[in-house]
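Please read all numbers here as calculations on a predicted model, not as lab measurements.
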Amino acid sequence: MSYTQPIFFAGSRYRVKQGFKSGPTSTFVAGEILIFESDAYSHYDNCFVYVFRTESGSETKEWWLPEGQTKELSLQYFEPLSQQSPSA
């Protein structure tokens with residue numbers, strides 16, 4: 001299961017627009033800058049999982065998007081700062 005268009009691009013930077021918690025352990029802080037690393041699908045949880053790392057590289061964070069939600073929900077939480085092509 002996957003979206004037909006990517007939400008995030010590997011290596012691109014995103015600013016967190018509002019603080020929130022996601023998945024079992026990730027806390028996102030308003031204003032922090034993250035770099036997108038990868039995505040996966042959790043069949044057990046019926047969720048898409050998007051993995052980011054902090055600019056310092058000291059921490060990874062996961063945004064869990066339930067299958068029934070639209071990818072546009074990402075715009076409420078993340079502001080793209082730089083965009084790389086999907087092949088990058």
Donor-acceptor under 3.5 Å (Ser22 side chain, Trp64 main chain): yes
Minimal non-hydrogen separation, Ile35 against Arg13, with atom names: CG1-CG, 4.0 Å
Spacing of Ile33 atom CD1 and Leu81 atom CG [to the nearest 0.5 Å]: 4.5 Å
Contacts of Glu59 that satisfy salt bridge (Lys or Arg N to Asp or Glu O under 4.0 Å) - sequence neighbours left out: none
Distance-minimising heavy-atom pair for Glu62 and Val51: CG-CG2, 4.1 Å
Side chain Glu37, main chain Arg53, donor-acceptor under 3.5 Å: no
Main-chain N/O of Val29 paired with Glu32 side-chain donor or acceptor, under 3.5 Å: yes
Backbone N/O of Lys71 and side chain of Ser74: donor-acceptor pair under 3.5 Å: yes
Same apolar cluster (I L V M F W Y, side chains within < 4.5 Å links), Leu73/Ile7: yes
Any side-chain heavy-atom pair of Asp39 and Val49 under 4.5 Å: no
Non-hydrogen side-chain atoms of Gln18 and Gln76 separated by less than 4.5 Å: yes
Phe36/Phe78 aromatic ring centres below 6.0 Å: no
Tyr77 and Phe20 aromatic ring geometry - parallel, tilted or perpendicular at 30°/60° bounds: tilted
Distance (rounded to the nearest 0.5 Å) between Ser12 OG and Leu34 CG: 12.5 Å
SB check Arg15 Glu79 (cutoff 4.0 Å): yes
Separation of Leu65 CG from Asp45 CG (nearest 0.5 Å): 12.5 Å
Ring pair (Phe, Tyr, Trp, His ring centres under 6.0 Å) partner of Trp63, the single match among Tyr50, Phe48, Phe28: Tyr50
With sequence neighbours excluded, residues passing side chain to side chain donor-acceptor pair (under 3.5 Å) with Ser38: none
